[in-house]
Amino acid sequence: MSVASERRYDPGTVEREWQGRWEEEGTNSFTLEELRTAERPFYNLMMFPYPSAEGLHVGNIYAFTGADVHGRFQRMQGRDVFEPIGFDAFGIHSENFALRTGVHPMELIPSNVANFTRQLRRMGGMFDWDHTVDTTAPDYYRWTQWLFLQLFRHGLAEQKEAPVNWCPKDMTVLANEQVVVGECERCGTPVEQRLIRQWFLKITKYADRLLDNLPGLDWSDTTRKAQRAWIRRSRGAEISFPAIGTEMAVAAFTTRPDTIFGSTYMVLAPEHPILDAVTSDDRREEVEAYRERTRAMDLVARQKVEKNKTGVFTGGYCLNPATGRPIPVWIADYVLMGYGTGAIMAVPGHDERDFDFATAYDLPIVRVVAGEGEGADDPLDIAYEWPEGRLVNSGGYDGLSPAEAQRAIVDDLSAQGLAEPRVNYRLHDWCISRQRYWGPPIPIVHCEECGAVPVPEEELPVVLPRVEDFRPDDSGVSPLARVSDWYRVPCPACGREARRETDVSDTFLDSAWYFLRYPSTDFADRPFDEEITRRWLPVDAYIGGNEHAVLHLLYSRFVAMALHDMGLVEFEEPFTHFRAHGLIIREGAKMSKSRGNVIIPDPLIERHGADTFRLYLMFLGPFMAGGDYQDKGISGPRGFLHRLWETVVPREGELRDGAPDARLEALLHRTIRKVTDDIAALHYNTAIAAMMEYLNAVRAGGREAVRAEVEALVCLVAPFAPHIAEELWHRLGHAESIFEGANWPAYDPAKAATRESTLAVQIDGRLRGTITVAKGLDEEAAVAAARAEEGVARRLEGREIRRIVHVPDRLLNFVLG
RNA sequence: GCCGAGGUGGCGGAACCGGUAGACGCGAAGGUCUCAAAAACCUUUGCCCUUGCGGGCGUGAGGGUUCGAGUCCCUCCCUCGGCACCA
């Protein structure tokens with residue numbers, strides 16, 4: 001073999017050699033039979049990348065390396081590790097890039113995928129290239145469409161009108177992220193709202209389960225908290241306020257029904273449907289003008305821009321059902337149609353926002369809760385929002401605590417049919433319609449007779465046609481709506497002429513189930529095989545960025561729960577273990593093209609090798625916190641691997657056999673323990689530091705190592721630097737791959753034990769010296785040993801010792817009088 | 001505003017359960033080897049005072065608990081990330 005004879009470490013040669021052998025020998029891939037029979041399956045998942053034209057950046061490599069280290073570590077401990085990778089290639093990113101460059105996405109994506117594949121192979125990930133996924137391949141999105149149909153059949157998909165951000169110049173729908181303070185991020189035109197019929201998945205039906213399962217998940221705490229905050233459940237009541245002069249009532253959601261006696265006015269969202277009915281003729285013009293102004297703002301700007309509250313009086317009144325008195329009805333943009341009922345009972349005395357509004361428009365502020373030491377009619381100079389105190393000015397409820405009053409008031413109003421207990425969520429149903437081209441068509445046919453009819457499953461996939469002009473237009477519908485020979489189809493139910501749904505689905509739907517597909521890509525006739533799914537899922541370890549803490553992870557959980565309820569999978573939580581990694585920054589700032597501080601990994605990998613680059617990235621800082629990229633820093637890990645090589649492959653002669661040095665052997669076992677614990681906890685940086693420390697000790701003073709001192713070290717290094725580890729393992733005489741068989745070294749506590757310990761000697765808590773003593777030395781002997789130290793003895797001379805604190809093998813503290 | 005993470009040498013970062021702060025690495029200085037360079041190896045490297053011995057000060061700021069605090073408690077400041085009028 002060419003490599004084997006070379007005595008110098010040349011990373012490029014070693015890495016290409018082993019990447020070739022892994023590929024040839026199928027080291028990292030599973031056959032269908034192996035997937036069926038794996039005895040200790042471990043599904044190691046990482047978030048699949050969006051294959052951009054720029055290629056993999058350091059951030060991707062960082063994330064994948066960290067996950068790969070964990071996978072290789074599990075494998076060396078004897079698990080059958082399945083580590084797949086794929087491409088999340090649909091979506092607006094590719095579409096916009098294609099529009100800009102004029103390259104059709106159907107050409108762009110395959111070439112990007114090819115480039116990503118090359119880079120992923122080059123970084124030495126343990127990927128199973130026989131089980132990849134590309135969300136834009138018809139044999140993948142066929143099953144994305146299938147999934148939509150299952151949700152539809154089970155009443156979890158519905159079409160309804162919803163507002164979207166619309167840029168009148170670009171003539172396109174914009175995602176919230178594309179709207180910057182009320183303007184289109186591309187052209188700066190003020191964004192409008194439009195109402196469009198769109199498909200929604202009813203994730204809110206699962207809100208309680210999504211919330212209540214969280215404590216049982218072994219996830220990064222930050223991620224669980226983000227999900228909790230995103231769903232945000234609030235319990236309260238919906239209360240009816242009869243609108244005077246009409247037959248209708250305005251329903252308002254509140255979490256504080258106990259404060260109803262303090263509700264001195266109501267506020268409706270400007271879009272509220274009852275608005276026309278309550279507005280008086282003399283106010284109509286002003287109300288319309290305000291409504292118009294609000295409509296011109298997109299949802300994001302409306303929530304961000306105005307700190308000062310604005311609003312107008314409608315001229316209408318409702319009856320406060322508790323006091324029986326009429327209260328004025330206003331509209332204001334701080335009330336959102338999308339939450340609760342789109343109407344609030346304003347309680348300015350006990351809600352900060354209502355207080356601000358009432359102050360600005362001179363509306364009455366009444367106290368209905370008195371805190372400790374406060375009187376019933378003490379004026380309020382800020383809203384009293386706390387749920388402690390006693391009710392006042394509240395008729396028969398005076399004297400109750402807010403909690404008691406909540407129950408009593410809701411009970412009494414419910415009896416009159418004016419209230420009912422209610423739970424609200426911040427979480428909204430998931431809008432999956434995209435009026436765009438680059439996505440899987442939603443598999444529905446609209447028929448005038450039969451309504452929305454699902455495409456029969458055997459007709460899937462509904463293939464996205466190749467369309468040269470896929471620019472969005474003024475119509476507010478997908479570019480597919482211009483392709484009449486595609487959308488005109490007979491109704492699957494009645495056969496009459498009908499029309500395909502021309503919207504495509506959200507990319508998050510593609511990624512909400514990809515982990516189910518990986519182990520089953522051998523099957524063309526089913527999305528996921530029952531037997532294989534039972535063996536491999538739920539995912540054992542999922543490592544990814546916290547930018548997906550909410551959406552992707554929440555949608556995946558929802559899909560898994562829905563499939564579980566349909567009886568299609570056994571689990572309801574897809575990821576039992578999730579860890580969020582940190583971000584790579586540079587000079588204290590996030591890498592971005594606009595800052596010009598982006599690192600392109602390819603030249604670095606060419607120059608130093610993938611092993612060095614991997615090791616360097618993992619050494620930067622704690623994996624879960626991220627790290628600061630420094631150009632010169634790579635020389636540390638590079639030197640370490642070169643020294644490791646030279647230690648195992650001496651320039652002259654051969655590595656000797658023989659007994660290891662006793663001190664080194666003890667250190668080796670402590671290193672094994674530390675590296676094992678640290679990798680398990682994803683503390684990669686300190687694991688690497690420990691290996692460096694050990695190698696430094698092995699080579700101290702230019703000494704030559706013996707085999708027993710370095711063989712285990714080669715194994716410890718393997719998860720981080722797999723190629724060099726393979727090569728050295730091979731040169732140490734092993735025929736099989738270091739990753740075949742459980743080669744992770746065992747920690748032997750007996751060998752790790754030391755006979756001596758260093759004791760810190762303090763006087764009054766200040767360090768005055770250290771002494772080396774036999775392990776487990778008792779206090780009396782330790783004191784004697786310390787007193788023998790000149791510096792210690794001098795300070796103790798003639799002083800009274802009030803107390804001695806002795807922590808065996810650690811410290812001895814003399815407290816003087 | 002709310003929630004979350006964090007603030008330690010010139011830099012990235014270590015530090016178990018409160019027990020020698022600064023592991024490991026970068027950078028810097030000096031040296032060995034070499035025609036030279038690279039690589040490798042050796043020594044030094046928190047700050048201040050001191051020729052030296054030695055001493056003092058040091059983990060965002062201030063206070064507290066303790067024999068002992070980077071670590072625990074209180075008050076405050078700053079940075080980063082997320083959510084943001086959710087009734």
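Below, each value reflects all heavy atoms present in this structure, side chains not excepted, and no hydrogens, waters or symmetry copies. Residue numbers begin at 1 in each chain, while the letters A, B, ... track the order of the sequences.
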Exercise. If you look at every strand shown and take non-hydrogen atoms under 4.0 Å, does A:Asn685 touch a base, only sugar-phosphate, or nothing?
Worked result: sugar-phosphate
For this session: May I ask which nucleotide in the shown strands pairs with B:rU75, Watson-Crick or G-U wobble, both distances under 3.5 Å?
Result: B:rA61
Exercise. A:Thr294 and A:Asp333: side-chain donor and acceptor closer than 3.5 Å?
Worked result: no
Exercise. Any ion pair linking A:Asp429 and A:Lys205 (charged N to carboxylate O, less than 4.0 Å)?
Worked result: no
Tabulate atom names and distances for all N/O pairs under 3.5 angstrom spanning the protein and nucleotides 37-43 of chain B.
unit_1	atom_1	unit_2	atom_2	d
B:rA40	O3'	A:Arg699	NH2	3.4

Exercise. For A:Arg787, what residues pass the side chain to side chain contact (heavy atoms under 4.5 Å, CB included) criterion, not counting sequence neighbours?
Worked result: A:Val783, A:Leu796, A:Ile801
Problem set entry | Separation of the C1' atoms in B:rU65 and B:rG18, to the nearest angstrom | 11 Å
Problem set entry | Test: A:Arg426 cationic atom under 6.0 Å from A:Trp230 six-membered ring centre, within 45° of axis | yes
Exercise. Now, which nucleotide makes the Watson-Crick or G-U wobble pair with B:rC83, with each of the two distances under 3.5 Å?
Worked result: B:rG1
Exercise. Would you say A:Arg703 has more than 12 foreign heavy atoms packed within less than 6.0 Å of its CZ?
Worked result: yes
Exercise. Nearest to the side chain of A:Val335 - B:rC24, B:rC83, B:rA87?
Worked result: B:rA87
Exercise. Hey, is the main chain of A:Pro364 close enough, under 3.5 Å, to the side chain of A:Thr264 for a donor-acceptor pair?
Worked result: yes
Atom pairs and distances, donor-acceptor, side-chain atoms in residues 337-348 of chain A, under 3.5 Å, two or more places apart:
unit_1	atom_1	unit_2	atom_2	d
A:Tyr339	OH	A:Ser234	OG	2.8
A:Thr341	OG1	A:Ala251	O	2.6
A:Thr341	OG1	A:Ala343	N	3.4
A:Thr341	OG1	A:Ala343	O	3.3

Exercise. Can you check whether A:Arg803 has a side-chain N or O nearer than 4.0 Å to OP1 or OP2 of B:rC67?
Worked result: yes
Seminar exercise, completed: As its Watson-Crick or G-U partner within any shown strand, both distances under 3.5 Å, B:rC53 has none
For this session: For RNA chain B, find the residues of residues 763-778 of chain A with a heavy-atom distance under 4.0 Å and give them by number; none if there aren't any.
Result: A:Arg766, A:Leu767, A:Arg768, A:Thr770
Problem set entry | Donor/acceptor link under 3.5 angstrom from A:Lys632 side chain onto base of B:rC11 | no
Exercise. A:Thr647 versus A:Leu655: any side-chain heavy-atom pair under 4.5 Å?
Worked result: no
Exercise. Is the shortest side-chain N/O distance from A:Arg794 to OP1 or OP2 of B:rG54 below 4.0 Å?
Worked result: no
Problem set entry | Side-chain (A:Arg256) to main-chain (A:Asp258) donor-acceptor, under 3.5 angstrom | no
Problem set entry | Paired nucleotide for B:rU32 [Watson-Crick or G-U wobble; both distances under 3.5 Å] | B:rA40
For this session: Determine which nucleotide pairs with B:rU45, using a 3.5 Å limit on both distances of a Watson-Crick or G-U wobble pair.
Result: B:rG27
For this session: Pull up the glycosidic torsion of B:rC83 and say syn or anti, syn being anything within 90° of 0.
Result: anti
Exercise. From the list B:rG4, B:rC83, B:rG19, which nucleotide is the closest neighbour of the side chain of A:Lys225?
Worked result: B:rG4
Exercise. Which of residues 613-626 of chain A sit near RNA chain B, with a heavy atom under 4.0 Å from it?
Worked result: A:Phe619, A:Leu620, A:Pro622
Problem set entry | Touch class at under 4.0 angstrom, heavy-atom based, for A:Gln762 against every strand present | base
Problem set entry | Any-strand Watson-Crick or G-U partner of B:rC16, both distances under 3.5 Å | none
Exercise. A:Asp354 has an atom CG; how far is it from atom C1' of B:rC86, in whole Å?
Worked result: 12 Å
Exercise. Rounded to the Å, how far apart are A:Glu779 CD and B:rC67 P?
Worked result: 16 Å
For this session: May I ask you to establish whether A:Lys309 and A:Phe357 are in a cation-pi arrangement, using a distance under 6.0 Å from NZ or CZ to the six-membered ring centre and at most 45° from the ring axis?
Result: no
Between the protein and nucleotides 15-17 of chain B, are there any N/O to N/O pairs under 3.5 Å, and if so, what are the atom names and distances?
unit_1	atom_1	unit_2	atom_2	d
B:rC16	N3	A:Arg810	NH2	2.8
B:rC16	N4	A:Arg810	NH2	3.3

For this session: To the nearest 0.5 angstrom, please state how far the CG atom of A:Leu816 sits from the CD atom of A:Glu800.
Result: 9.0 Å
